[in-house]
Amino acid sequence: MSMKRYDLVIAGAGPAGLSAAIEAAKHGLKVVVYDENAKPGGQLFKQIHKFFGSKEHKAKIRGFHIGEELLAEAAARGVEVVLNAIVIGIFPEKEVTVQIGDHVEHVKGDTILIATGASENMVTFPGWTLPGVIGAGAAQTMMNLHGTLPGKRVLMLGSGNVGLVVSFQLMQAGCEVVAVADAAPRVGGYGVHAAKVARCGVPFYLSHTIVSADGDDCVTGVTIGEVDANWQVIPGTEKHFDVDTICLAVGLSPMSKLCDMAGCQMEDNPAKAGFVPVVNAFGETSIPGIYAAGDVSGIEEASSAMIEGRIAGIAAAMRLGFLSESEGKAEIEKQEAALDGLRQGMFAPGMRGKQITETDEGIAISENLLKHGFVAEDEIGRFPGVIHNKGIHPVIECTQNIPCNPCQDACPKHCIQVGSNITALPSIDPEQTCTGCGMCVASCSGQAIFLVNEDRGDGMAEITLPYEFLPLPQKGDKGVALNREGKPVCNATVVSVRSAKAFDHTHLLTMQVPTAYAMQARFFRKEETV
């Protein structure tokens, strides 16, 4: 029996694997992708939030739509995707063994890409094995793939992007998030993600860790405590919460066993979050023709994984002669420029562990944001997107250099400027007139843009904010406006709720509040009164 041969064999049908398959197939390679799951797409199908970046990074598109696009494109280009298939070994001469159901197949690849992604880290504490203690990724799978609530009252441990995004998604699904705790002294993820969680009333406990979980058969409560400089809990600082779920978002580790098994040179690299293969600019490991891309070679965002995949796909085509060296290098240079754009700013891989005190523009960062999850009132005015103006105008509460610029493209009047550097803080052009169309509010992946009319002339102000919760409030509904900290500050009435296909499920809720609260009120909660 002759062994099946492919030009490129890929382990993992996530963002990196699929992107590589598409690029390679585009240049004529015969490609197979194996994935151990029943559905392809990796983590993308759990990602219901809008992505950051710029157009070329698929910014402001929700993750699962990106997954659908990649799958459709791979199918159109004739890529073979085999599911419920575990790559169990890579042997000399690029021989690959795959377990499909209950039998094992041997295939040979002229090139191989390992794109196996990452697994969730766990932490241990008394009660950590109780039902109800779950990883944040598992919570996302339950909610966004299976439509199942992980619990009713949840404590989130971890303030990186995963912890923040999943906290928001838990609330969207109808759970109550009682707190976000993190042993680190500062919020780890994007400030805009923290701010949208904080304004819903979720408190942040930084420098706190879990002391223990309560319960006999399942989680019934959790105790957290403040930690000192040596990560030891300070006696007397314990706080108890009644919860039925403890969600852990304490980082990811590259699933790099296949790379190690294949004999690739490996390194323990804290900047890449663990044990990873050493790769060159093309994603090639120490074994010629074996590539690694995505989280397996260092933990980053899915947008970066897609570009790394594309680079590896082009490199494989070049290696096998489907593409001349000059064409291949020119294509890779384009991809590298896009990847470089994503690796700028405060959250760049090279910035890990560095204490940042000011933005690239020289503005002092918000310490309150890093300690409590929201920008304090006496800090917000120093950022270029926060301006006072007559009539309706955008207020952009984007305070960190993150690689993102959909707001600049969204405004038909070009009121919003980011410039050529994708990580620059957005600013407002005072010469341009805002029409109040709301495209900027809907396109902001961080939900950090508001349209404000500070004074209608009758003592009232109007604020239009992004709203992604169901049931949608209706015009005329009364309730309270919450400030950036999630505290009720005044009564509010819904003036309108706008939904449009172009907004992609971000609804624009406009509420009226007394003018004194125009620059404080940032969220609406129904039926309460101050």
Between [X] and [Y] (salt bridge meaning N to carboxylate O under 4.0 Å), is one present in this structure?
X    : Y    : value
E331 : K334 : no
D110 : R5   : yes
R319 : E284 : yes

Measure the spacing between [atom1] of [X] and [atom2] of [Y] and express it to the nearest 0.5 Å.
X    : Y    : atom1 : atom2 : result
I112 : I114 : CD1   : CD1   : 7.0 Å
E397 : R484 : CD    : CZ    : 4.0 Å
I61  : L44  : CD1   : CG    : 11.5 Å
I48  : N144 : CD1   : CG    : 4.0 Å

Where do C415 and D429 land on the side chain to side chain contact (heavy atoms under 4.5 Å, CB included) test, with the steps shown first? CA-CA 5 Å; C415 295; D429 182 347; 5.5 Å; no

Test K272 against E300 for salt bridge (charged side-chain N to carboxylate O under 4.0 Å, His left out), laying out the working first. CA-CA 8 Å; K272 295 188 170 184; E300 278 185 87; over 6 Å; no

Please set out all donor-acceptor pairs under 3.5 angstrom arising from side-chain atoms of residues 249-257, sequence neighbours excluded.
residue	atom	partner	partner atom	Å
S253	OG	N121	OD1	2.5
S256	OG	F275	O	2.7

Grab the two heavy atoms, one from L18 and one from L71, that are nearest each other, plus how far apart they are.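 Closest approach of L18 to L71, heavy atoms only: CD1-CD2, 3.9 Å.
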
Evaluate the side chain to side chain donor-acceptor pair (under 3.5 Å) criterion for residues N368 and S366: first the C-alpha distance (whole Å), next the side-chain angles of each, then the deciding distance (0.1 Å), finally the verdict. CA-CA 5 Å; N368 204 73; S366 162; 5.7 Å; no

Taking atom types as modelled and ignoring hydrogens, do the side chains of [X] and [Y] form a donor-acceptor contact shorter than 3.5 angstrom?
X    : Y    : answer
N401 : E361 : yes
S207 : K371 : no
K60  : S445 : no
R382 : T359 : no
Q447 : H49  : no
Q172 : E468 : yes

Test the R199-F374 pair against the cation-pi criterion, namely NZ or CZ under 6.0 angstrom from the six-membered ring centroid and within 45° of the ring axis.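 No.
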
Apply the test side chain to side chain contact (heavy atoms under 4.5 Å, CB included) to residues V166 and M156: give CA-CA distance (whole Å), side-chain angles for both, the deciding distance (0.1 Å), then the verdict. CA-CA 9 Å; V166 175; M156 177 64 72; 3.8 Å; yes

For the residue pair F523 and Y467, categorise the inter-ring angle as parallel (less than 30°), tilted (30 to 60°) or perpendicular (more than 60°).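 Plane angle under 30°, so parallel.
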
So which pairs with a foot in residues 301-316 pass salt bridge (Lys or Arg N to Asp or Glu O under 4.0 Å), sequence neighbours left out?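 Pairs touching residues 301-316 that pass the test: E308-R343.
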
For H193 together with F52, are the ring centres under 6.0 Å from each other?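 Here the rings of H193 and F52 have centres that are less than 6.0 Å from each other.
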
Are F347 and Y190 close enough that their ring centres sit under 6.0 Å apart?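 Yes: the rings meet the under 6.0 Å criterion.
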
